[in-house]
Amino acid sequence: MSSMARNVAQADASMKAGKWERTKYVGVSLVGKTLAVMGFGKVGSEVARRAKGLGMHVIAHDPYAPADRARAIGVDLLSFDEAISTADFISLHMPLTPTTSKILNDENFAKMKKGVRIINVARGGVIDEEALVRALDNGTVAQAALDVFTVEPPPKDSKLVQHENVTVTPHLGASTKEAQEGVAIEIAEAVVGALNGELSATAVNAPMVPAEVLSELAPYVVLAEKLGRLAVQLVAGGSGIKSVKVVYTSSRDPSDLDTRLLRAMITKGIIEPISDTVVNLVNADFTAKQKGLRIIEERVMIDSSTDCPIDSIQVQIANVESKFASATTSDNGQINVAGKVKYGVPHLTCVGSFSVDVSLEGSIILCRQVDQPGMIGSVGSILGETNVNVNFMSVGRIGLRKKAIMAIGVDEEPDKETLKKIGDVPAVEEFVFLDL
Ligand SMILES: NC(=O)c1ccc[n+]([C@@H]2O[C@H](COP(=O)([O-])OP(=O)(O)OC[C@H]3O[C@@H](n4cnc5c(N)ncnc54)[C@H](O)[C@@H]3O)[C@@H](O)[C@H]2O)c1
Ligand SMILES: O=C(O)[C@H](O)COP(=O)(O)O
């Protein structure tokens with residue numbers, strides 16, 4: 001940006017050609033100018049920090065960047081049109097995706113201030129290069145500094161590369177000794193993380209989920225997998241599942257909710273307990289298809305004052321028999337479980353038509369019994385006799401002294417004899433042990 005604004009490359013070439021052209025290369029100052037950082041990720045936010053140090057007014061556009069991170073750096077996050085139409089300098093730092101491909105085109109150049117300067121060190125394809133040549137020729141764009149090109153290396157006779165108001169470098173953005181070492185360490189850490197089963201935002205063969213979205217969804221990813229795991233263990237025989245419906249309730253617009261990761265984790269939760277297949281974000285959809293499993297998703301918008309990405313996730317399995325009849329809903333006979341994230345921890349909040357509230361950790365025993373005094377004590381004593389530690393308990397009932405469900409979290413797996421004793425308690429009508 002500095003080099004472009006002060007014509008360093010052109011002046012250098014001119015002097016080496018034996019000239020002394022002081023008036024031709026009068027530049028512009030950066031101080032006091034408005035810089036629009038398009039893509040406020042790792043590079044974009046560092047550019048913003050440095051530009052503020054140069055006395056520039058920095059604005060940014062990034063549909064996924066958290067406003068508090070921008071605020072901390074002293075940058076206003078604006079809409080795409082607001083950002084490009086107010087800027088004196090526009091610096092591109094977004095990835096090349098179907099949405100960002102040729103995002104700077106004739107239509108958008110026309111919205112910019114006359115004499116704007118463009119910097120592209122992201123990916124060549126984010127600019128329509130022919131449109132940029134037109135914008136340079138008609139003066140809309142005063143100068144451009146480009147490190148990346150749609151085709152690399154660009155053709156020798158490229159009008160853009162040869163343009164007198166364009167400064168070019170051959171994709172040198174990351175070409176420092178320090179950056180090359182840094183990238184090697186980052187790749188090694190990502191591979192180790194992936195091998196340890198961590199979610200990766202940088203896998204090239206998985207759907208792209210920006211790191212910010214990934215960290216926001218992290219507790220819901222755990223919830224999704226646990227609900228899948230729990231639901232499949234409620235199916236008699238475990239197999240024969242053909243269709244699973246997942247309902248996400250959220251206060252956000254359904255189109256703002258990227259559920260690919262959650263769908264993959266529900267698939268993982270359903271498939272892994274009943275097969276040897278390891279399911280991850282890369283192979284989830286393929287594995288589900290291969291196993292004849294159809295995942296249907298529904299997004300339901302609700303009114304809520306809390307700004308969390310998801311209010312609840314519901315998993316429904318149709319056309320199977322349940323080993324715990326109370327997990328099926330009375331209206332359509334489907335297995336139905338639902339959960340929420342509370343204080344960052346995934347909770348089971350619904351089994352069949354019963355409301356419960358237990359954190360989805362360790363193992364759970366679900367009992368259906370007649371709602372009457374002494375039930376917690378009876379079952380708790382049986383578990384205590386064999387040193388099985390109860391870590392929580394929740395009772396949900398459909399009415400006073402009617403049917404109730406008891407969800408008991410246990411730290412150890414009770415032996416068969418202990419489970420049989422629970423089943424033999426007269427008021428217990430059915431029970432199931434679920435390992436999460
Ligand atoms: N020239 C080079 O040698 C060089 C070096 C490093 C990075 N890069 C490129 O620079 C870009 C940024 O790299 P990074 O490490 O900061 O990536 P990053 O993932 O940290 O940041 C990219 C940002 O772009 C945002 N974004 C996604 N879609 C957007 C859209 N439609 N509009 C605006 N913002 C959008 C994302 O939310 C994210 O915050 C990438 O394209 C990368 O490949 C080039
Ligand atoms: O995306 C990147 O990291 C840069 O474009 C750098 O690419 P390079 O590693 O080929 O220099």
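Order of listing sets the numbers, starting from 1, for every ligand and every atom in it. Both backbone and side-chain heavy atoms feed into the values below; hydrogens, waters and symmetry mates do not.
Any N or O atom pair closer than 3.5 Å counts here, and A174 shares at least one such pair with ligand 1. Any N or O atom pair closer than 3.5 Å counts here, and Q180 shares no such pair with ligand 2. Residue R123 places at least one N or O, backbone or side chain, under 3.5 Å from an N or O of ligand 2. Between L172 and ligand 1, no pair of N/O atoms sits closer than 3.5 Å.
Ionic pairing of E46 and R50 is present here: one or more N-O contacts between side-chain nitrogen and carboxylate oxygen are shorter than 4.0 angstrom. Classification of D285 and K289 as a salt-bridged pair fails, no side-chain N sitting under 4.0 Å from a carboxylate O.
Near P63, with a cut-off below 4.0 Å to any heavy atom, the atoms of ligand 1 are 29 (C), 30 (C), 32 (N), 33 (C), 34 (N), 35 (C). Shown in contact with T100 at under 4.0 Å from a heavy atom are these atoms of ligand 1, numbered in order with element: 30 (C), 31 (N). Taking a cut-off of under 4.0 Å to the non-hydrogen atoms of G173, the atoms of ligand 1 that pass are 1 (N), 2 (C), 3 (O). Using a 4.0 Å cut-off to heavy atoms of F40, the atoms of ligand 1 that qualify are 39 (O). Atom numbering of ligand 1 starts at 1 in the shown order; those under 4.0 Å from a heavy atom of H61 are 32 (N), 33 (C), 34 (N). For ligand 1, the atoms sitting less than 4.0 Å from at least one non-hydrogen atom of Y64 are 27 (C), 28 (N), 37 (O), numbered in the order shown with element in parentheses. When each atom of ligand 1 is checked for a heavy atom of K42 under 4.0 Å away, the hits are 15 (O), 16 (O), 18 (P), 20 (O), 21 (O). Listed by number with element, the atoms of ligand 2 under 4.0 angstrom from any heavy atom of A174 are 6 (C). Annotation for ligand 2: atoms under 4.0 Å from non-hydrogen atoms of H171 are 4 (C), 5 (O), 6 (C), 7 (O).
In the candidate list R123, H93, H171, H93 is nearest to atom 11 (C) of ligand 1, counting heavy atoms. Of the candidates L96, V121, V43, it is V121 that places a heavy atom closest to atom 8 (N) of ligand 1.
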Go through it in stages, so that I can follow the logic: the residues are N7 and Q143, the test is side-chain hydrogen bond (donor to acceptor under 3.5 Å, both in side chains), and I'd like the CA-CA distance, side-chain angles, deciding distance and then a yes or no.
CA-CA 10 Å; N7 301 306; Q143 289 182 298; 2.9 Å; yes
Please evaluate residues E361 and R229 with respect to the criterion salt bridge (Lys or Arg N to Asp or Glu O under 4.0 Å), reporting the C-alpha separation (whole Å), side-chain torsions for both, the decisive distance (0.1 Å), and the verdict.
CA-CA 12 Å; E361 293 167 303; R229 228 163 229 284; over 6 Å; no
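None of I90, V28, D88 except one satisfies the side-chain contact (heavy atoms from CB on, under 4.5 Å) rule with R117; the exception is V28.
The shortest distance between side-chain heavy atoms of S326 and V351 does not fall below 4.5 Å. Residues M15 and W20 form a side-chain contact, since some pair of their non-hydrogen atoms from C-beta on lies under 4.5 Å apart.
Distances from atom 5 (O) of ligand 2 to the protein include at least one heavy-atom value under 4.0 Å. When distances from atom 8 (P) of ligand 2 to the protein are checked, no heavy atom turns up under 4.0 Å.
Residues S45 and I73 come closest through the heavy atom pair CB-CD1, 3.8 Å. The two atoms that bring T329 and S353 nearest to each other are CA-OG, 3.9 Å, heavy atoms only.
Residues Q314 and N336 bring a donor and an acceptor atom of their side chains to less than 3.5 Å of each other. At a cut-off of 3.5 Å, with distance as the only test, no side-chain donor of D128 or N105 sits close to an acceptor on the other residue.
Heavy atoms of F80 found under 4.0 angstrom from ligand 1: none, in either backbone or side chain. Residue contacts with ligand 1 for D147 involve side-chain atoms from C-beta outward but no N, CA, C or O (heavy atoms, distance under 4.0 Å).
Atoms CG and CD1, on L223 and I313 in that order, are 4.5 Å from each other to the nearest 0.5 Å.
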